[in-house]
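Remember, predicted model here, so these are calculated numbers, not experimental data.
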Amino acid sequence: MTITVENITLTQLEELLADESTPVVHRALWALLWESEVRVHDLLTLEVTEVGAGEFGERAGALLAELIGGRTAGPLFAVGERALTWEQAVRAAGERKIAIHAFRTGGKAHRRALGSGEE
C-alpha cells in the first residue's frame, strides 16, 4: 500500500465523510482528527461515557451521534464490541492512499489558514 497524501484539504475531507460506503467508525475518527489537536492513539482509547456529540463541530458531532447510537458504555470507536485498533484505522485511511495523520495535519493547516484570513 502506497501512501500518497500526507495532508488533506477541506474538500477532500468532505468527500471522504460523505462516502457512506466507509464505515461510520472511520468517518467519525477522521472528522475528530480534523477538528481537534488530539492524537490518533488518544482518540482510539476514548470511551462512550467520556464524550458528548455536542462537544464537537456539527460534522463530527453528527457522525459521533450516529456512531454512538444507543450505546451508553464501551469504546467510542468500536467495531462490534471491540475497540477500533490502530492497525484498522491506518489501513482504512491507507486504502484511500491517505496517511492517518493527514486528517489532523490537514485540519490544523485549515484552522491556521482561517486564522490568517484565508479561505
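Around CZ of R82, the count of heavy atoms belonging to other residues, nucleotides or ligands within 6.0 Å does not exceed 12. Enclosure of atom CD in E58 is not indicated, since only 12 or fewer non-hydrogen atoms of other residues, nucleotides or ligands lie within 6.0 angstrom.
Of all non-hydrogen atoms in A73 and T49, the two that sit nearest each other are CA-CG2, 4.5 Å. Closest approach of T22 and R27 over heavy atoms only: O-NE, 2.8 Å. In terms of heavy atoms, L63 sits closest to A31 at CD1-CB, 3.9 Å. For the pair E81 and P75, the tightest heavy-atom approach, listed with the atom from each and the gap, is O-CG, 4.1 Å. In this structure, L17 and R59 approach most closely via the heavy-atom pair CD1-CD, 2.8 Å.
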request  = Apply the test side-chain contact (heavy atoms from CB on, under 4.5 Å) to residues F103 and I98: give CA-CA distance (whole Å), side-chain angles for both, the deciding distance (0.1 Å), then the verdict.
outcome  = CA-CA 9 Å; F103 296 98; I98 299 169; 3.9 Å; yes
query = Would K108 and R104 satisfy side-chain contact (heavy atoms from CB on, under 4.5 Å), going step by step from the backbone distance to the final call?
reply = CA-CA 6 Å; K108 191 173 188 176; R104 186 170 171 229; 5.7 Å; no
task = Show the numbers, then the answer: is there a side-chain contact (heavy atoms from CB on, under 4.5 Å) between L32 and V38?
result = CA-CA 8 Å; L32 283 176; V38 182; over 6 Å; no
Intermediate values then yes/no, side-chain contact (heavy atoms from CB on, under 4.5 Å), L44 and L29 = CA-CA 8 Å; L44 292 176; L29 177 64; 4.1 Å; yes
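With a 4.5 Å cut-off on side-chain heavy atoms, H26 and L16 do not count as touching. By the 4.5 Å heavy-atom criterion applied to side chains, W34 and I8 are counted as neighbours. Counting only heavy atoms from C-beta outward, the side chains of D19 and E15 never approach each other to under 4.5 Å. In this structure, V90 and E87 have side chains that are not in contact, with every pair of non-hydrogen atoms separated by 4.5 Å or more. In this structure, I68 and L76 have side chains that are in contact, with non-hydrogen atoms separated by less than 4.5 Å.
The pair R111-E37 meets the salt-bridge criterion, since a charged nitrogen lies less than 4.0 angstrom from a carboxylate oxygen.
Each of T45, V25, V40 was evaluated against F77; a single residue qualifies, V25, per the side chain to side chain contact (heavy atoms under 4.5 Å, CB included) test.
Between H41 and W86, the ring-plane angle classifies as parallel under the 30° and 60° cut-offs.
Here the CD atom belonging to Q88 is positioned 11.5 Å from the CD1 atom belonging to I100, to the nearest 0.5 angstrom. In this structure, the separation between CG on L10 and CD on E14 is 4.0 Å, given to the nearest 0.5 Å. To the nearest 0.5 Å, atom NE2 of residue H110 and atom CG of residue L13 are 9.0 Å apart.
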